[in-house]
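Here the structure is laid out as structure tokens; the discussion comes afterwards.
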Amino acid sequence: MCKDCGCSMGNHAHTHTHADGTTHSHPHTHDGHTDHAHDAHEHSHEVHAHPVLNESKTIDVIEKILSENDKEAAHNRAHLDEKKILCVNLMSSPGAGKTTLLEATIKAGKFKIGVVEGDLETNQDADRIVKAGAKAHQISTGQTCHLDAFMVHEGLHHLPLNELDLVFIENVGNLVCPASYDVGSHFNAVLLSVPEGDDKVSKYPVMFRAADVLLITKASLAPHFDFDIERVKNDARKLNPKVDIFVVDSKTGEGIDKWISYLEFKKELR
């Protein structure tokens, strides 16, 4: 269950593609990945009493789900620490430029990179990552609008970790739910693109409060949009005074050198 929108209530199919190109699906739940069949029943539309939701029970369930997720996230992080791999969780709305930023980072040639890709459907982003020169494992979440630590755990085991020094988790495009799930990364990088507007930090505070790094992307488009970069910086630092901020454009190369240097610095700390 996603505590922000309830998107994961019930089961969802988890589809993923292996290195040999084969794709298959299996059921997935947050409480053990087991598919539970529900008995079919007739539903009368006559007047009848609906049960009142037990708020306390609902909160208990959510807390249990997040607690189990946090345990798995800690396991993921310990596994990455053992390999001396830096792991970055990339989050943003759809189209903010996560994959394009990854392509620019890969092509800089400073790191041996693996990517766990999260999307509702298709392998398009994973294909782009492989074409750019990195390793990738695609996780298709079906109806779920975020990755959790269990999905990432599986993804990590499909990457050649002994050959890597940097792993990115490209989360599902969404400015709400991914912020609530620790996936086992060492820090969260949130992207906000110029075309999205400079009001998004204040509108989606949970996401930007969770950001260790904010990347303002597609900077070359600023002259064509009513976008105040200083407003975004000020709003972000009101929510999180320690957030690091970069203004980048993956197509023109603006700010990419600073982003790469930042990653090098973080990698040296591992």
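Note that the structure is predicted; figures quoted are calculated from it, not measured.
In this structure, S193 contributes its side chain and K218 its backbone to no donor-acceptor pair below 3.5 Å. A side-chain donor-acceptor contact under 3.5 Å links N76 to the backbone of A149. Within the 3.5 Å criterion, the main-chain N or O of D212 finds no donor-acceptor partner in the side chain of N188. For the pair H75 (side chain) and K71 (backbone), a donor-acceptor distance under 3.5 Å is absent.
V116 is not connected to V130 by any chain of hydrophobic side-chain contacts under 4.5 Å among Ile, Leu, Val, Met, Phe, Trp and Tyr, and they are in different clusters. Placement of L191 and V172 in two distinct hydrophobic clusters is found when ILVMFWY residues are connected by side-chain heavy-atom separations under 4.5 Å, directly or transitively. Tracing side-chain contacts under 4.5 Å through hydrophobic residues (I, L, V, M, F, W, Y), one reaches L90 starting from V115; they form part of the same cluster. Both V232 and V194 belong to a single network of hydrophobic side chains, linked directly or stepwise wherever heavy atoms of I, L, V, M, F, W or Y lie under 4.5 Å apart. Linking ILVMFWY side-chain heavy atoms closer than 4.5 Å, directly or via other members, places L239 and F246 in two distinct hydrophobic clusters.
With a 4.5 Å cut-off on side-chain heavy atoms, K251 and T100 count as touching. Counting heavy atoms from C-beta outward, K131 and R128 have side chains that stay 4.5 Å or more apart. Residues R231 and V201 have side chains not in contact (no heavy-atom distance under 4.5 Å, counting atoms from C-beta outward). Residues L192 and L214 have side chains in contact (heavy-atom distance under 4.5 Å, counting atoms from C-beta outward). Put simply, the side chain of L102 reaches to within 4.5 Å of the side chain of E117, judged on heavy atoms. Proximity of L269 to H186: side-chain heavy atoms (C-beta onward) are nowhere separated by under 4.5 Å. L156 places a side-chain heavy atom less than 4.5 Å from the side chain of L80. Side-chain contact between R237 and I245 is present, with at least one heavy-atom pair separated by less than 4.5 Å.
Comment: K112 does not engage E163 in a salt bridge, judged by the lack of any side-chain N to carboxylate O separation of less than 4.0 angstrom.
Classified by interplanar angle (parallel below 30°, tilted 30° to 60°, perpendicular above 60°), the ring pair W259/F187 is perpendicular.
I260 and F111 get closest at one heavy-atom pair: O-CZ, 3.9 Å. In plain terms, the two heavy atoms of N123 and S140 that are nearest each other are OD1-OG, 4.4 Å. Nearest approach of D235 to D198, heavy atoms of both residues: OD2-O, 4.3 Å. For S202 against P205, the heavy-atom pair with the smallest separation is O-CD, 3.5 Å. Residue C145 comes nearest to C177 through the heavy atom pair SG-SG, 3.2 Å, listed as atom of the first residue, atom of the second, then distance. Looking at every heavy atom in both residues, E121 comes nearest to G142 through OE2-CA, 4.0 Å.
The side chain to side chain contact (heavy atoms under 4.5 Å, CB included) test with F168 singles out one residue from L263, I106, L101, L86, and that residue is L263.
Note that the CE atom of M151 and the OH atom of Y181 stand 9.0 Å from one another [nearest 0.5 Å]. In this structure, K98 NZ and S250 OG are separated by 12.0 Å, a value rounded to the nearest 0.5 Å. Note: L120 CG to I139 CD1 = 12.5 Å, rounded to the nearest 0.5 Å. Here CG of D165 is found 8.0 Å from CD1 of I85. Values are rounded to the nearest 0.5 Å. Atom CD in Q138 sits 6.0 Å away from atom OG1 in T122 (nearest 0.5 Å). Rounding to the nearest 0.5 angstrom, the gap separating the CG atom in L164 from the CG atom in L159 is 6.5 Å.
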Using distance only, find each side-chain donor-acceptor pair of residues 220-227 under 3.5 Å and give its atom names and separation, not counting sequence neighbours.
{"residue": "S220", "atom": "OG", "partner": "D249", "partner atom": "OD2", "Å": "2.6"}

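In this structure, Y204 places its OH atom where only 12 or fewer heavy-atom neighbours from other residues, nucleotides or ligands lie under 6.0 Å away.
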Check the pair S185 / V88 against side-chain contact (heavy atoms from CB on, under 4.5 Å), numbers first and verdict last. CA-CA 5 Å; S185 64; V88 184; 5.8 Å; no
Just do the side-chain contact (heavy atoms from CB on, under 4.5 Å) check on H146 and V183 with the steps written out, would you? CA-CA 10 Å; H146 61 272; V183 292; over 6 Å; no
Any chance you could lay out the side-chain contact (heavy atoms from CB on, under 4.5 Å) test for V243 and V190, step after step, and finish with the verdict? CA-CA 10 Å; V243 67; V190 177; over 6 Å; no
Trace of the side-chain contact (heavy atoms from CB on, under 4.5 Å) decision for V167 with L161: CA-CA 9 Å; V167 167; L161 296 182; 4.1 Å; yes
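Among pairs with a residue in residues 257-270, those fulfilling salt bridge (Lys or Arg N to Asp or Glu O under 4.0 Å) read D81-R270, at least two apart in sequence or across chains. Residue pairs meeting the salt bridge (Lys or Arg N to Asp or Glu O under 4.0 Å) criterion with at least one member in residues 167-176: none, sequence neighbours excluded. Legend: salt bridge (Lys or Arg N to Asp or Glu O under 4.0 Å) pairs involving residues 174-186, not counting sequence neighbours, sorted by first then second residue: R77-D182.
Annotation: side chain to side chain donor-acceptor pair (under 3.5 Å) contacts of S93 (sequence neighbours excluded): E196. Listed by chain and residue number, nothing satisfies the salt bridge (charged side-chain N to carboxylate O under 4.0 Å, His left out) test with K135 (two or more places apart in sequence, or in another chain).
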